[in-house]
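Take a look at the structure set out below.
Every heavy atom of this structure was used, including side-chain atoms; hydrogens, water molecules and symmetry mates were not. Remember, it's 1-based here, ligands and their atoms both numbered in the order they're listed.
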Amino acid sequence: MFNKLLKRMADPALDDAAQGYEERLYEVAKEGVPAHIAIIMDGNGRWAKKRSLPRVAGHHEGMKTVRKITKLANHLGVEVLTLYAFSTENWKRPKMEVDFLMRLPEEFLSTFLPELIEENVRVEMIGYHHNLPSHTISAIRKAKEATKHNTGLVLNFALNYGSRSEIVDAVKDIAAQVAAGKLDLEDITEERITSGLMTNNLPEPDLLIRTSGEVRLSNFMLWQLAYTELWFTETLWPDFGEESLLEAVENYQKRNRRFGGLKGEEAN
Ligand code: FPP
């Protein structure tokens, strides 16, 4: 189960501090990590501005964070990592920034696909294909194909994704089936709506992280986040390192998830 962590811990080159860190990872993993972590990666623009760099330099640095966090999440035993990389509203940004963002999956995957394969990571995507440039789609398609048999972490990019549109589409599909006499009103259940969403083959997120101090959901997985634990941090996405993820997961592990019911002593 923790093969990757045990292998890391057995590295004879580790000094005492590094050994201590690996043991901390092992403790976190043993405690039970969230099966699905979803992240709103925010603050790239501010990271760049603080350094008098163009906004796109922040996105580029953010891409490096994606690599680090993917690797650690995979080693900890997280099953799904969904990253909000581009929303249906992000088209409102300047064309140059949009073009840059659309090139990032390609750059990321052309650089790190061999590593993702080596790490047993499976690439997936949620979001609308329409409007996406063909080079973006083909990079994702190639990565999905190359990793489809992998059994480790699912790295799920939310690209041109919008939760309200997703819900509207699911509702339209249900309405069409009712109108055609193929579905009864009584069959419109929470499960039926869930199965009409782009996430239908994924567990609901256990933990949502948003970086950069903004405290809102920005049209991200509104239905799926109903019982998700939320973690907001001031850290800007390019600065969100391994320590930041560990802090979020350790905090999550202290929470008492009740899903509307009672837990432990109170339930008796
Ligand atoms: C929000 O920060 C961030 C985005 C809209 C883009 C997120 C994309 C990445 C982190 C890179 C993704 C990498 C891959 C591999 C797809 P912002 O620009 O709104 O920051 P600001 O609020 O500080 O201006």
Side-chain angles (χ1 to χ4, degrees), residues 37-74 80-117 119 121-129 131-144 146-147 153-163 208-221 232-242 244-245:
I37 300 180
I39 308 186
I40 303 178
M41 309 180 287
D42 199 4
N44 296 342
R46 275 163 285 168
W47 182 92
K49 193 166 176 211
K50 272 184 15 189
R51 290 160 179 78
S52 305
L53 294 169
R55 292 177 53 77
V56 294
H59 295 316
H60 198 262
E61 198 62 24
M63 184 185 76
K64 297 183 192 162
T65 303
V66 169
R67 178 191 179 197
K68 277 186 275 191
I69 295 306
T70 301
K71 212 166 163 177
L72 181 59
N74 187 35
V80 184
L81 178 66
T82 297
L83 301 177
Y84 203 10
F86 194 89
S87 76
T88 45
E89 288 71 38
N90 285 150
W91 297 105
K92 295 178 202 153
R93 295 189 176 208
K95 183 174 181 317
M96 182 264 190
E97 184 172 342
V98 169
D99 288 348
F100 188 89
L101 284 169
M102 287 298 146
R103 287 273 168 206
L104 277 186
E106 213 175 337
E107 179 177 345
F108 177 79
L109 293 167
S110 68
T111 316
F112 299 123
L113 187 56
E115 185 174 289
L116 296 176
I117 294 171
E119 291 277 332
V121 169
R122 179 155 68 86
V123 175
E124 276 296 339
M125 179 196 140
I126 54 170
Y128 293 96
H129 279 219
N131 294 342
L132 288 178
S134 55
H135 61 81
T136 313
I137 294 178
S138 74
I140 298 273
R141 196 169 280 152
K142 188 176 151 211
K144 278 177 67 169
T147 61
L153 176 88
V154 175
L155 173 60
N156 181 35
F157 288 109
L159 207 55
N160 196 20
Y161 172 83
S163 179
L208 171 87
I209 298 171
R210 182 168 189 151
T211 57
S212 91
E214 308 293 348
V215 186
R216 55 176 171 266
L217 296 180
S218 301
N219 201 18
F220 187 50
M221 294 182 130
F232 297 99
T233 169
E234 295 289 326
T235 306
L236 305 175
W237 177 249
D239 293 327
F240 191 87
E242 292 202 357
S244 315
L245 181 65

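- Atoms of ligand 1 lying under 4.0 Å from any heavy atom of W237, numbered from 1 in the order shown and given with element: 10 (C).
- K68 has no carboxylate O lying under 4.0 Å from a charged side-chain N of E242, or vice versa, which leaves the two without a salt bridge.
- Residue L101 has at least one heavy-atom neighbour below 4.0 Å for each of these atoms of ligand 1: 6 (C).
- Below 3.5 Å of separation, one finds an N or O of G45 facing an N or O of ligand 1.
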I'd like to know whether F86 forms a side-chain contact (heavy atoms from CB on, under 4.5 Å) with V98, so could you lay out the CA-CA distance, the side-chain angles of the two residues, the decisive distance to 0.1 Å, and finally the verdict.
CA-CA 9 Å; F86 194 89; V98 169; 4.1 Å; yes
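- Assignment of E214 to the shell around ligand 1 is not supported, since no heavy atom sits closer than 4.0 Å.
- By the criterion of a heavy-atom distance under 4.0 Å, the side chain of N90, and not its backbone, is placed next to ligand 1.
- Each of the following atoms of ligand 1 lies closer than 4.0 Å to a heavy atom of A85: 6 (C), 7 (C), 8 (C), 16 (C).
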Applying salt bridge (charged side-chain N to carboxylate O under 4.0 Å, His left out), run through D99 and K95 and close with a yes or a no.
CA-CA 6 Å; D99 288 348; K95 183 174 181 317; 2.7 Å; yes
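- Between E115 and R67 there is a salt bridge, with a side-chain nitrogen of the basic residue lying less than 4.0 Å from a carboxylate oxygen of the acidic one.
- The nearest heavy-atom contact from the protein to atom 14 (C) of ligand 1 is F157 CE2, 4.1 Å.
- Neither the backbone nor the side chain of M102 comes within 4.0 Å of ligand 1, counting heavy atoms alone.
- Judged by distance alone, with hydrogens and angles left aside, the side-chain atoms of T147 form a donor-acceptor pair with the main-chain N or O of V123 at under 3.5 Å.
- Residue-ligand proximity: S212 is placed with every non-hydrogen atom at 4.0 Å or more from ligand 1.
- W237 places a side-chain N or O within 3.5 Å of a backbone atom of G62 that can act as its donor or acceptor partner.
- Side chains of T136 and R103: no donor on one and acceptor on the other come within 3.5 Å.
- At the top of the distance list for atom 4 (C) of ligand 1, counting protein heavy atoms only, stands H59 CE1, 3.9 Å.
- With respect to atom 1 (C) of ligand 1, the closest heavy atom belonging to the protein is M41 O, 3.3 Å.
- Taking every non-hydrogen atom of L104 and a distance limit under 4.0 Å, the qualifying atoms of ligand 1 come out as 11 (C).
- Listed by number with element, the atoms of ligand 1 under 4.0 angstrom from any heavy atom of F108 are 15 (C).
- Heavy atoms of E107 stay at 4.0 angstrom or farther from ligand 1.
- Of the inter-residue distances, the one linking I69 atom CD1 with I37 atom CD1 reads 9.0 Å to the nearest 0.5 angstrom.
- Listed for the N219 side chain is no donor-acceptor partner under 3.5 Å among the backbone atoms of G162.
- In this structure, G58 and A48 approach most closely via the heavy-atom pair N-CB, 3.7 Å.
- Contacts between K49 and ligand 1, counted as non-hydrogen atom pairs separated by less than 4.0 Å, are absent for every part of the residue.
- Protein heavy atom at the shortest distance from atom 10 (C) of ligand 1 is N44 ND2, 3.2 Å.
- Residue D42 places at least one N or O, backbone or side chain, under 3.5 Å from an N or O of ligand 1.
- Ranking protein heavy atoms by distance to atom 19 (O) of ligand 1, first place goes to R93 NH2, 2.8 Å.
- Closest of all the heavy-atom pairs between A146 and L113 is CB-CD2, 4.2 Å.
- Using a 4.0 Å cut-off between charged nitrogen and carboxylate oxygen, R51 and E61 do not count as a salt-bridge pair.
- Among all non-hydrogen protein atoms, the one lying nearest atom 13 (C) of ligand 1 is V66 CG2, 4.0 Å.
- Residue contacts with ligand 1 for W47 are absent, since no atom lies close enough (heavy atoms, distance under 4.0 Å).
- Checked by distance only, ligand 1 and R46 come closer than 3.5 Å through their nitrogen or oxygen atoms.
- Closest protein heavy atom to atom 24 (O) of ligand 1: R55 NH1, 2.9 Å.
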With salt bridge (charged side-chain N to carboxylate O under 4.0 Å, His left out) as the test, would you mind laying out the steps for K142 and E106 before giving the verdict?
CA-CA 10 Å; K142 188 176 151 211; E106 213 175 337; over 6 Å; no
